Participant: 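The structure under discussion is supplied below as structure tokens; questions concerning it will follow.
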Amino acid sequence: MSLKELSGRLYRIPRQTRWTKGIGSKLPDEYRKFWKEWKVQMPAAVHYIKPEGKYFRNPETEEVTPVQEVPIPLIYPKEFHQGIWGGESVVQGFVKRHRYNRRYPHFWFPTLKKSVVYSEVLDKYMSVVVTNRTIDLINEHYGFDHYLLKSPACDLKSEVALKIKRQILLALADKTLYPDDPVKSEEIYNKYKEYLTAYTRKEIEWYGLTYKDACMKFIKEEQESQEPVKPLKHQYRSELLAKLKEEEIQAAQQTVARSSTWSIKWNPFSNQKSE
């Protein structure tokens with residue numbers, strides 16, 4: 001290690017994150033794997049074609065210009081996590097009506113509609129808010145379950161979609177689907193069991209949880225693993241009762257000993273008469 005690297009390491013103060021302090025530093029690696037898939041991994045492009053290469057040549061002027069790949073600013077409101085938008089979100093930008101006019105900010109909202117989706121694994125109909133792209137993706141994947149199980153967390157993004165996906169994975173891992181129909185249960189399990197190869201049982205337990213839910217799950221497991229704390233008053237009470245009982249037994253023994261040593265000095269059947 002060079003002197004420059006050593007000096008930089010000595011004077012560099014590491015930035016505190018949610019993974020280096022508090023409960024976040026104790027969360028298992030299974031949840032961190034899901035977090036990277038959800039928050040760190042880049043989602044697929046929705047309404048634009050990602051340019052390839054670093055430079056672009058104009059076919060008419062032969063002018064070479066660098067490719068500027070600037071990410072589109074996206075906004076995810078609170079209502080986004082209450083539906084399944086298929087990767088779409090609110091796009092923030094500017095509008096300029098005329099070349100000499102000043103531009104002004106504008107927001108583009110996706111078309112939202114309330115629809116009913118059916119999960120074959122859970123055997124349940126659910127009413128959710130979706131977009132046209134969500135319906136197209138469900139049709140492309142030939143079913144709602146295939147769409148959720150094939151899409152990574154960064155593309156689903158929504159908390160509702162991730163929670164439903166977690167329930168589907170748990171039902172497949174524990175084989176709790178269709179408990180009243182074993183033939184149908186085996187048929188559905190064989191149809192979707194290929195998706196279980198990408199996860200372990202513990203990874204499924206931590207999949208689809210928000211950071212707050214993961215912390216609450218960790219705290220609950222820690223409390224269940226520890227022995228329940230017994231108040232000291234119960235210990236002191238039992239010790240006091242045992243001591244009182246011991247003293248009572250000793251007092252009773254002393255009383256019995258005194259009564260056994262008492263003797264009658266006057267014999268009524270003797271021939272001697274008292275004066």
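Just so you know, these numbers come straight off a predicted model, no measurement behind them.
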Participant: Going by atom types only, do His146 and Tyr195 share a side-chain donor-acceptor pair under 3.5 Å?
Facilitator: yes
Participant: I need the Asp136 CG to Glu140 CD distance, nearest 0.5 Å.
Facilitator: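 The distance works out to 6.5 Å.
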Participant: Hey, does the Lys NZ or Arg CZ of Lys165 hover above the aromatic six-ring of Tyr207, less than 6.0 Å from the centre and inside 45° of the axis?
Facilitator: no
Participant: Within 45° of the axis and under 6.0 Å from the centre of the six-membered ring of Trp206, does NZ or CZ of Lys217 qualify?
Facilitator: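 Satisfied, under 6.0 Å and within 45°.
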Participant: Please answer whether the main-chain N or O of Ile84 pairs with a side-chain N or O of Thr134 as donor and acceptor at a distance below 3.5 Å.
Facilitator: yes
Participant: Locate the shortest heavy-atom distance separating Val90 from Pro77; write the atom from each residue and the value.
Facilitator: CG2-CD, 4.1 Å
Participant: Indicate whether any N or O donor in one side chain lies under 3.5 Å from an N or O acceptor in the other, for Glu187 and Tyr178.
Facilitator: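 There is no such pair between these side chains.
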Participant: Name the orientation class of the two ring planes belonging to Tyr31 and Tyr211 (parallel below 30°, tilted from 30 to 60°, perpendicular beyond 60°).
Facilitator: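 Aromatic pair Tyr31/Tyr211 classed tilted.
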Participant: Where is the tightest heavy-atom contact between Ser25 and Gly22, given as atom of each residue plus distance?
Facilitator: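 So the two residues come closest at OG-O, 2.7 Å.
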Participant: For Lys124, does the NZ atom sit with more than 12 other heavy atoms under 6.0 Å from it, leaving out its own atoms?
Facilitator: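 Open.
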Participant: Tell me whether Leu137 is reachable from Val116 by hopping between hydrophobic residues (I, L, V, M, F, W, Y) whose side-chain heavy atoms are closer than 4.5 Å.
Facilitator: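 In one cluster: yes.
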Participant: Do Tyr125 and Val128 land in one hydrophobic cluster if side-chain heavy atoms of ILVMFWY residues count as linked below 4.5 Å?
Facilitator: yes
Participant: Kindly check if the number of other-residue, nucleotide or ligand heavy atoms within 6.0 Å of CD (Glu239) is above 12?
Facilitator: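 Yes, because the 6.0 Å sphere around CD of Glu239 holds more than 12 heavy atoms from other groups.
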Participant: Taking atom NZ of Lys96 as the centre, does the number of heavy atoms from other residues, nucleotides or ligands within less than 6.0 Å exceed 12?
Facilitator: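 Buried by this count: over 12 neighbours within 6.0 Å.
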Participant: Is a salt bridge present between Lys163 and Glu159, judged by a nitrogen-to-oxygen distance below 4.0 Å?
Facilitator: no
Participant: Test side chain to side chain contact (heavy atoms under 4.5 Å, CB included) on Ser185 and Lys175 and set out the steps.
Facilitator: CA-CA 8 Å; Ser185 175; Lys175 292 186 177 182; 5.5 Å; no
Participant: Atom NZ in Lys36, atom SG in Cys154: separation rounded to 0.5 Å?
Facilitator: 14.5 Å
Participant: Please check if Leu148 and Phe80 belong to a single hydrophobic cluster, counting links between Ile, Leu, Val, Met, Phe, Trp and Tyr side chain heavy atoms closer than 4.5 Å.
Facilitator: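 Different hydrophobic clusters.
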Participant: Check this for me: does any side-chain nitrogen of one of Lys191 and Glu120 sit under 4.0 Å from a carboxylate oxygen of the other?
Facilitator: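 Between Glu120 and Lys191 there is a salt bridge, with a charged N closer than 4.0 Å to a carboxylate O.
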Participant: Under 4.0 Å between a side-chain nitrogen and a carboxylate oxygen: does that hold for Arg201 and Glu205?
Facilitator: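 Counted as a salt bridge, because a side-chain N and a carboxylate O are separated by less than 4.0 Å.
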Participant: When rounded to the nearest 0.5 angstrom, what is the spacing between OG1 in Thr65 and CG in Asn58?
Facilitator: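 Taking OG1 in Thr65 and CG in Asn58, the distance rounds to 7.5 Å.
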Participant: Checking the side chain of Ser151 only, and the main-chain atoms of Tyr147 only, is there a donor and an acceptor separated by less than 3.5 Å?
Facilitator: yes
Participant: Using a 6.0 Å cut-off, check whether atom CD of Glu62 has over 12 heavy atoms from anything other than its own residue.
Facilitator: yes
Participant: Working to the nearest 0.5 Å, report the span between CZ of Phe109 and OG of Ser89.
Facilitator: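 Answer rounded to 0.5 Å: 10.5 Å.
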Participant: Can you confirm whether Tyr55 is buried at OH, in the sense that more than 12 heavy atoms of other residues, nucleotides or ligands lie under 6.0 Å from that atom?
Facilitator: no
Participant: With side chain to side chain contact (heavy atoms under 4.5 Å, CB included) as the criterion, how do Leu177 and Tyr192 come out once you've worked through the C-alpha distance, each side chain's angles and the decisive distance to 0.1 Å?
Facilitator: CA-CA 12 Å; Leu177 51 161; Tyr192 295 96; over 6 Å; no
Participant: Is it the case that more than 12 heavy atoms not belonging to Met216 sit under 6.0 Å from its CE atom?
Facilitator: no
Participant: What verdict does the side chain to side chain contact (heavy atoms under 4.5 Å, CB included) test give for Lys184 and Asp123, after you've listed the backbone C-alpha separation in whole Å, the side-chain angles of each residue and the deciding distance to 0.1 Å?
Facilitator: CA-CA 11 Å; Lys184 184 71 172 179; Asp123 191 23; over 6 Å; no
Participant: How long is the span from the CG atom in Leu169 to the CD1 atom in Ile204, to the nearest 0.5 Å?
Facilitator: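 The CD1 atom of Ile204 is 5.0 Å from CG of Leu169, to the nearest 0.5 Å.
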Participant: Flag yes if more than 12 heavy atoms outside Gln235 fall under 6.0 Å of its CD atom; otherwise flag no.
Facilitator: yes
Participant: Do Val129 and Met126 belong together in a cluster built from hydrophobic side chains that touch within less than 4.5 Å?
Facilitator: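 No.
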Participant: Minimum heavy-atom separation for Ala45 to Arg133, with atom names?
Facilitator: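 The pair with the smallest heavy-atom distance is O-NH2, 4.2 Å.
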Participant: Using side chain to side chain contact (heavy atoms under 4.5 Å, CB included), reason through Asn132 and Lys113 one step at a time and then give a plain yes or no.
Facilitator: CA-CA 8 Å; Asn132 293 330; Lys113 57 180 67 176; 2.7 Å; yes
Participant: Any cation-pi pair here, Lys157 with Tyr76, using under 6.0 Å and within 45°?
Facilitator: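 Yes, Lys157 lies over the aromatic ring of Tyr76.
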Participant: Atom CG in Leu122, atom OH in Tyr118: separation rounded to 0.5 Å?
Facilitator: 9.0 Å
Participant: Please check if Leu74 and Leu112 belong to a single hydrophobic cluster, counting links between Ile, Leu, Val, Met, Phe, Trp and Tyr side chain heavy atoms closer than 4.5 Å.
Facilitator: yes
Participant: Please identify each residue that fulfils side chain to side chain donor-acceptor pair (under 3.5 Å) with Glu60, with sequence neighbours left out.
Facilitator: none
Participant: Got a sec, which hydrophobics cluster with Leu244, joining ILVMFWY side chains under 4.5 Å apart, including via others?
Facilitator: Leu240
